[in-house]
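Quick notes on the structure that follows.
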Amino acid sequence: MNVREGMVVQELGWDDDVDDDLRIAFEDAIDGELVEEAVEAVDVVLLWWRDGDGDVVDGLVDALTDLSNSGFIWLMTPKVGRDGHVDPADIAEGAVTAGLSLTTTAALSDDWAASKLVRPKGSRR
């Protein structure tokens with residue numbers, strides 16, 4: 001997860017289908033609660049995204065709003081065969097269009113695929 005105690009994690013796209021165990025793991029790692037509305041720049045955005053949520057580019061651009069310059073996004077999408085699955089090509093293309101780099105994919109959850117996105121080195125956003 002690359003999160004640690006004291007980090008501020010903003011959660012976007014929450015719905016009743018998200019993985020509560022993963023949410024709790026994030027809260028345990030940061031020793032705090034996930035925030036919905038940020039009052040300052042956040043270290044990490046946990047973005048839950050499904051195929052029916054719209055254009056993934058829009059979701060990623062929205063996720064950048066409160067993200068610190070050195071922060072990153074964990075984009076959580078339903079795994080293959082699950083309702084709302086997002087094609088990995090759409091994620092890769094969306095990341096580039098949003099000005100992000102896809103660095104890692106990880107199995108953080110049984111039902112959700114995780115993609116770590118960062119601003120490219122040298123970015124001044």
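- In this structure, Ser101 contributes its side chain and Arg119 its backbone to no donor-acceptor pair below 3.5 Å.
- Across every non-hydrogen atom of Val61 and Ala98, the tightest pair is CG2-CB, 4.0 Å.
- Counting only distance, with no hydrogens or angles, the side chain of Asp55 and the backbone of Val57 share a donor-acceptor pair below 3.5 Å.
- The line from CG of Leu75 to CH2 of Trp49 is 9.0 Å long, rounded to the nearest 0.5 Å.
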*Begin with the C-alpha distance, continue with both residues' side-chain angles, and end with the deciding distance and a verdict on side chain to side chain contact (heavy atoms under 4.5 Å, CB included) for Val9 and Val45.*
CA-CA 6 Å; Val9 178; Val45 173; over 6 Å; no
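- Atoms CG and CG, on Asp66 and Asp43 in that order, are 12.0 Å from each other to the nearest 0.5 Å.
- The shortest side-chain heavy-atom distance between Leu108 and Met1 falls under the 4.5 Å cut-off.
- A single hydrophobic cluster is not seen to contain both Met76 and Leu102; linkage of ILVMFWY side chains at heavy-atom distances under 4.5 Å, directly or through other members, places them apart.
- The backbone N or O of Ser109 lies less than 3.5 Å from a partner atom in the side chain of Lys79, making a donor-acceptor pair.
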*Apply side chain to side chain contact (heavy atoms under 4.5 Å, CB included) to Lys116 and Asn2, showing your working.*
CA-CA 10 Å; Lys116 184 179 178 186; Asn2 294 43; 3.1 Å; yes
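- To the nearest 0.5 angstrom, Asp111 atom CG is 7.0 Å from Asp19 atom CG.
- The closest side-chain heavy-atom distance from Val18 to Asp20 is below 4.5 Å.
- Distance check, rounded to the nearest 0.5 Å: CZ of Arg23 to CG of Leu34 gives 5.5 Å.
- Here the closest non-hydrogen pair linking Pro120 and Gly99 is CD-O, 3.1 Å.
- Scanning both residues, Val42 and Ala38, for their nearest heavy atoms gives CG1-CB, 3.7 Å.
- Each of Leu100, Leu67, Leu47 was evaluated against Leu117; a single residue qualifies, Leu100, per the side chain to side chain contact (heavy atoms under 4.5 Å, CB included) test.
- Going from atom CZ of Phe72 over to atom CG of Leu46 covers 10.5 Å, rounded to the nearest 0.5 Å.
- A distance-only check finds a donor-acceptor pair linking the side chain of Asp53 to the backbone of Arg50 [under 3.5 Å].
- Summarising the geometry, atom OG belonging to Ser115 is positioned 4.5 Å from atom CD1 belonging to Ile91; distances are rounded to the nearest 0.5 Å.
- Residues Phe26 and Ile73 do not share a hydrophobic cluster, clusters being chains of Ile/Leu/Val/Met/Phe/Trp/Tyr side chains in contact below 4.5 Å.
- With a 6.0 Å radius and a threshold of 12 heavy atoms from other residues, nucleotides or ligands, Asp15 has its CG atom above the threshold.
- No side-chain heavy atom of Asp31 sits less than 4.5 Å from a side-chain heavy atom of Arg4.
- The side-chain heavy atoms of Gln10 and Val44, taken from C-beta on, include no pair separated by under 4.5 Å.
- When every heavy atom of Asp90 is checked against every heavy atom of Val86, the shortest pair comes out as CB-CG1, 4.2 Å.
- Linking Ile, Leu, Val, Met, Phe, Trp and Tyr residues whenever their side-chain heavy atoms come within less than 4.5 Å leaves Trp74 and Leu60 in two separate clusters.
- Glu5 contributes no side-chain N or O that, together with a main-chain N or O of Ile30, makes up a donor-acceptor pair within less than 3.5 Å.
- In this structure, a donor-acceptor pair under 3.5 Å is present between the side chains of Glu11 and Trp48.
- Under the 4.5 Å side-chain contact rule for hydrophobic residues, Ile24 and Leu12 do not share a cluster.
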